[in-house]
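Worksheet: the structure to be examined is printed underneath.
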Amino acid sequence: MFANSKTGKCQLCDEQCKSCFGADSDSCYACSFDYVFQSPSSCVSFGTPQPWEADGNGWTIPKDGDNVIVAKDQVVMISQDTAAIDTLIIDGTLYINPDVNSSITLSAQRIFVREGNFHCNISQNENITFTLLLSSSNTPYTVNDTFNLTNQDLNFQDKSIVILGQINFAGVQKSPAVRLAQSVGPGDQSIFVDGSTDGWDSGDKILLASSSFEIDEFEILTVTDIVGNEIALD
């Protein structure tokens, strides 16, 4: 329940609350960005984060193939590309620095948001790109292949992401889809569209869908320029 669709804040909750238990409640069950949910029904600030890229406060910089745990009492912020780790378990808070002006890639074979929070809110920064890369590894998860949950065991497989906690991602708003204004032929270097391309920019990748029932007949193309309703492609 969102009492205010523009701000995403409930009218009767405090400003950190995103969703209330009810229309007349002063208790939250989800928080706005930069705040995390804590039982029984309150939102608290992230506080001062521990950089992913620096040792300190019980944190060691992860290396390729490492198994990494963000503990319950930890708040860790990623500001640059990570090593290609094996398994990432989030019991505390992990978030992407929204103020850097570059690309950030988090590489892992398995990600398990067990009890914690994973946040990426880059909606106000057009100069940052976040990539979550699930990559295979020859290194098995050696600490414990099975996590015992309340009613079941969770077995990890290659390239998996499992969410039992909270995950909140938000990027710059862009027009999600648009129709072609005319047919596209083999070798064409541009397309003409019939609709809004708000938010599209050079360097964006678009998917040109199949014109048949063969769903694998699609192309992923890179935008090089936009003039009116003409999109130049690489």
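Being a predicted model, the structure only gives us computed values, none of them experimental.
- Listed by first and then second residue, the salt bridge (charged side-chain N to carboxylate O under 4.0 Å, His left out) pairs that reach into residues 175-200 come to none, sequence neighbours excluded.
- A 4.5 Å side-chain heavy-atom check between N117 and Y95 finds every atom pair outside the cut-off.
- In E126, the CD atom is not crowded: 12 or fewer heavy atoms of neighbouring residues, nucleotides or ligands sit closer than 6.0 Å.
- Annotation: side-chain contact (heavy atoms from CB on, under 4.5 Å) contacts of D55 (sequence neighbours excluded): T60, I61.
- The CG atom of D201 sits 6.0 Å away from atom NZ of K174, with the distance rounded to the nearest 0.5 Å.
- Taking both residues in full, the closest heavy atoms of V113 and Q166 are given as CG1-O, 3.7 Å, listed atom of the first, atom of the second, then distance.
- Using a 4.5 Å cut-off between side-chain heavy atoms of Ile, Leu, Val, Met, Phe, Trp and Tyr, with links allowed through other members, I128 and W200 fall into different hydrophobic clusters.
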Go through D91 and K72 one step at a time and tell me if the salt bridge (Lys or Arg N to Asp or Glu O under 4.0 Å) criterion holds. CA-CA 5 Å; D91 288 331; K72 277 188 177 182; over 6 Å; no
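- When all heavy atoms of P62 and A83 are compared, the closest pair comes out as O-CB, 3.7 Å.
- The CZ atom of F130 lies 8.0 Å from the OG1 atom of T105; values are rounded to the nearest 0.5 Å.
- Taking all atoms of both residues into account, the shortest heavy-atom contact from P49 to M77 is CB-CB, 3.8 Å.
- Within a 6.0 Å radius of CG in D234, no more than 12 heavy atoms belonging to other residues, nucleotides or ligands are found.
- Counting only heavy atoms from C-beta outward, the side chains of L208 and L180 approach each other to under 4.5 Å.
- Taking the side chain as every heavy atom from C-beta outward, L132 and I161 approach each other to under 4.5 Å.
- Note: the hydrophobic cluster containing I226 also contains V184 (ILVMFWY, side chain heavy atoms under 4.5 Å, direct or indirect links).
- Between I111 and A108, the shortest heavy-atom contact is CG1-CB, 3.9 Å.
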Residues L221, I191; criterion side chain to side chain contact (heavy atoms under 4.5 Å, CB included); working and verdict: CA-CA 11 Å; L221 306 165; I191 59 175; 5.7 Å; no
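- Using a 4.5 Å cut-off on side-chain heavy atoms (C-beta onward), L233 and V223 make contact.
- Residues I104 and W52 form no side-chain contact, since every pair of their non-hydrogen atoms from C-beta on lies 4.5 Å or further apart.
- S102 OG to D81 CG: the interatomic distance, rounded to the nearest 0.5 Å, is 7.5 Å.
- A donor-acceptor pair is defined here as one N or O able to donate and one able to accept, closer than 3.5 Å; no such pair exists between the side chain of N229 and the backbone of F192.
- W59 has its side chain within reach of V68: a pair of non-hydrogen atoms, C-beta onward, lies under 4.5 Å apart.
- Judged purely by atom type and a 3.5 angstrom limit, T82 uses its side chain to pair as donor or acceptor with the backbone of S107.
- The distance from the CG atom of D99 to the CD1 atom of I122 is 11.5 Å, given to the nearest 0.5 Å.
- I90 is connected to I163 through a chain of hydrophobic side-chain contacts under 4.5 Å among Ile, Leu, Val, Met, Phe, Trp and Tyr, so both are in one cluster.
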Does R110 form a side chain to side chain contact (heavy atoms under 4.5 Å, CB included) with D86? I'd like the steps, not just the answer. CA-CA 6 Å; R110 312 172 187 92; D86 192 74; 2.7 Å; yes
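- No donor-acceptor pair under 3.5 Å is formed between the side chain of Q80 and the backbone N or O of I78.
- Screening I85, I89, T87 against N67 for a side-chain contact (heavy atoms from CB on, under 4.5 Å) leaves a single residue, T87.
- Formation of a donor-acceptor pair under 3.5 Å by the N125 side chain with backbone atoms of V100 is found in this model.
- Within the 4.5 Å cutoff, side-chain heavy atoms of L88 are placed close to those of V70.
- Heavy atoms only, all atoms of each residue included: S212 and E217 are closest at OG-OE1, 3.0 Å.
- L106 and L133 sit in two unconnected hydrophobic clusters of ILVMFWY residues. Membership requires side-chain heavy atoms under 4.5 Å apart, directly or through other members.
- Checking side-chain atoms of E214 against main-chain N and O of F218 turns up no donor-acceptor pair under 3.5 Å.
- Between N121 and P98 there is no side-chain heavy-atom pair separated by less than 4.5 Å.
- Not a single donor-acceptor pair under 3.5 Å links the side chain of E230 to the backbone N or O of S190.
- At a threshold of 4.5 Å between side-chain heavy atoms, the hydrophobic network of Ile, Leu, Val, Met, Phe, Trp and Tyr places L134 and I96 in one connected group.
- Scanning both residues, L164 and R114, for their nearest heavy atoms gives CB-O, 3.4 Å.
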